[in-house]
Every structure is written in C-alpha cells, then in structure tokens.
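No experiment lies behind these values; they were computed from the predicted model shown.
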Number of protein chains: 2
Amino acid sequence: MLNNSHYIDKLRSSGLRPTKQRIKICEILFNTDKTFHFTINDLVKKISKATNDKISLATVYNTVHAFKKKGYLKEIPINSDQSYFDTNTSHHHHFYDENQKDLIDIDDADVEPVKINTRIPGKKIKSVEVLVKVEDAE
Amino acid sequence: MLNNSHYIDKLRSSGLRPTKQRIKICEILFNTDKTFHFTINDLVKKISKATNDKISLATVYNTVHAFKKKGYLKEIPINSDQSYFDTNTSHHHHFYDENQKDLIDIDDADVEPVKINTRIPGKKIKSVEVLVKVEDAE
DNA sequence: TCAACAGTTTAGAACTATTATAATGTAGAC
DNA sequence: GTCTACATTATAATAGTTCTAAACTGTTGA
Ligand SMILES: [Mn+2]
Ligand SMILES: [Mn+2]
Ligand SMILES: [Zn+2]
Ligand SMILES: [Zn+2]
C-alpha cells in the first residue's frame, strides 16, 4: 500500500472499483519497468508468490478481461491451447522462439512499414502485426 | 473411387496407409481448386455432408494432425478458442476480418518484403508472417 | 494365399482452459 | 449507517482436444 494510489486512480478513472485484488494484480502486471508476456496460469503463480491472500481463479480471469477491455493488456494470437497476454500495449511485433516457446518483442521502429498491395472492399485496416518465427541456428 | 489413386499414392509415399477415412478427408480438403481455412468442427460437418459412413471425431483429429505433420496442412495462430487449419501451405499472409471472424489469404507477392532491423543472436528466422486485422469501414 | 503384425479407427473417458452460476462480500453514493 | 450496484468466490458447467484400449484393416512375406 505504498504508491498504489496511482493504480487506485487508474482503476477508478476507468470505471473499475479499486478492490484489493485488482490493485494486487496491477502491482504484479504494471509495477515493473519491463513489459512482459504471460498466460493466466503464469499470473496465478506470480500472485501466489506475491501474496498470502488468495485471489480466486475466476477473479484472475475477470480482471485480465476487464484490463484487456480497458486497453491495459493485449491478447496475443500465438497458441490455441492457452491465451497469451502482453503488458506492452504499444503497437509492436514479435519473435516467437519455437525451441524455447518464448515470445520476444520487436519494437515497431525495428520493422520497416509493411506494404500490402491488396485491400478488402468495405473494410478498413485495424492493425498490421508481424510474427517472426525463429529457431536455433545449428 | 475415381481419381483417388492420386491420394492413395500421396498417402502411401508419406508413410500413411491409405484408409478409406483418410482418402475421404483428402477428397474434401484437396479436391478443390481453391484452398480454404477450417476448424475441426467445420471439417466434421463437411464430412457428414459428403458421406454416409461416419468418421469418428478421434480419426478426424488424428488425420488432421498427421497431414499437418507431413506438411499438407498449416495451422494458423488466430487465437480463437479453436485451432484453424489452412489447406494453402505456401508462404502467405492473412487478413482477419474481426466482424465476420473470417480469415482471408494475402498472397506473398502482395506483401512487400518485410524488413526487420533486429536479430536474436543464435537464432535463425524460420518464417515471417503478417496478420492484418480489418473491420467494417463505417 | 493368408497368417501375422503393425498401423488405424473407434467410442467413450479424461483432461484442460475457460466461462457461467449464484451466493456472499464490499466500495461508493447519499 | 444504509442501500445498491459492482465484485469476488467456490464450484459447476462447457467445449475443444487428447488419451485409452479394444476392435479392425492394410501390408508384408513365408
Ligand atoms: Mn514476402
Ligand atoms: Mn479450450
Ligand atoms: Zn509483446
Ligand atoms: Zn491462408
């Protein structure tokens, strides 16, 4: 309960009540200078390491979905058995290491603008995302 | 059983026994000039329209996985709650229509080469795939 | 030709990520 | 403090997928 007033304001101004569960999850997700990728399961583990008060699985799901809806998290389409989430909500791209099964950010500035010479009538582009699959060089 | 000898050869030369279930699934997946995207559920429906002999769900899964392993199908990471497969195994990209929840191919020739100005030491690039999310233009 | 065997199919059970339910708890407004 | 809408929770339900183990079948080679 130190500099949590920031999260409390953030939550309240989003129309989300600043409950102790949501504040704790904010601390875990956003109290770091580095962004990261996680599954719900990863997050559950981080929570149980960080606190003695249990947060129910349903609340973890609810909170992640609420944060995604508010734009504080992005969902990454990588794997169909489990959802991956990203605390980096800026427009960026990814390496996917197929050996380590690990996602690594590529800054948008490190990808030259992607030119697509075809359109779909009546549709507008919402985002352009590049996924670079990599593997161990032998 | 007309020009199925092609599939029989293909299967046999891949080390897969040409069973009637596999041949039927080949007909549905590859007996078309157009490639397409499908879920397991889509395929199960196509099968029950195409034949009176049931193919068990386990066989549909087994077959799709076998074909993917042999490179006859690609799996597309559109993080839905189910896996999408693609009969187009060439290197290409996708539009994803968020309103229709529909995948549309982008020919590799319609995407200018993607330049990525960063690398991961010790890793080599396996593929570069672009996903363009689109929505209804208002 | 046909027995033997490995590969394949199958129904159903098991598994796992996720969502729904509905009762209890709590934040914020008045 | 009271009220109410929002939130949390344990648990059940759901749905896609994988596993199991028994029955079946394509292929081999004696
Ligand atoms: Mn290209
Ligand atoms: Mn699932
Ligand atoms: Zn990222
Ligand atoms: Zn495709």
> Out of C/dA17, D/dT17, D/dT8, which has the shortest distance to the side chain of A/Q82?
Replying inline: C/dA17
> When you look at A/E98 and B/K126, which way does the salt bridge (charged side-chain N to carboxylate O under 4.0 Å, His left out) test go after all the steps?
Replying inline: CA-CA 9 Å; A/E98 299 214 314; B/K126 207 177 160 191; 2.5 Å; yes
> D/dA7, C/dT10, C/dT18: which one has an atom nearest the side-chain heavy atoms of A/Y61?
Replying inline: C/dT18
> Considering heavy-atom distances to DNA chain C, does B/L57 or B/G15 have its closest nucleotide positioned more toward the 5' end?
Replying inline: B/G15
>> Output the rounded distance in Å from NE2 (A/H65) to P (C/dA17).
In response: 14 Å
>> Please report the distance, rounded to the nearest Å, between CD1 in B/I23 and C1' in D/dT25.
In response: 12 Å
> With respect to the side chain of A/T59, which nucleotide from D/dT8, C/dG28, C/dT8 is positioned closest?
Replying inline: D/dT8
> What does A/L16 touch in the nucleic acid at a heavy-atom separation under 4.0 angstrom: a base, only the sugar-phosphate, or nothing?
Replying inline: sugar-phosphate
> Which nucleotide, D/dT9, D/dT27, C/dT26, lies nearest any side-chain atom of B/R17?
Replying inline: D/dT27
> To the side chain of B/P18, which of C/dT9, D/dT9, D/dG26 is closest?
Replying inline: D/dG26
> Which nucleotide in the list D/dT9, C/dG28, C/dT10 gets nearest to the side chain of A/A58?
Replying inline: D/dT9
>> Any heavy-atom pair between the side chains of B/F36 and B/N88 that's under 4.5 Å?
In response: no
> Which of these nucleotides, D/dT8, D/dT17, D/dC6, is closest to any side-chain atom of B/S83?
Replying inline: D/dT17
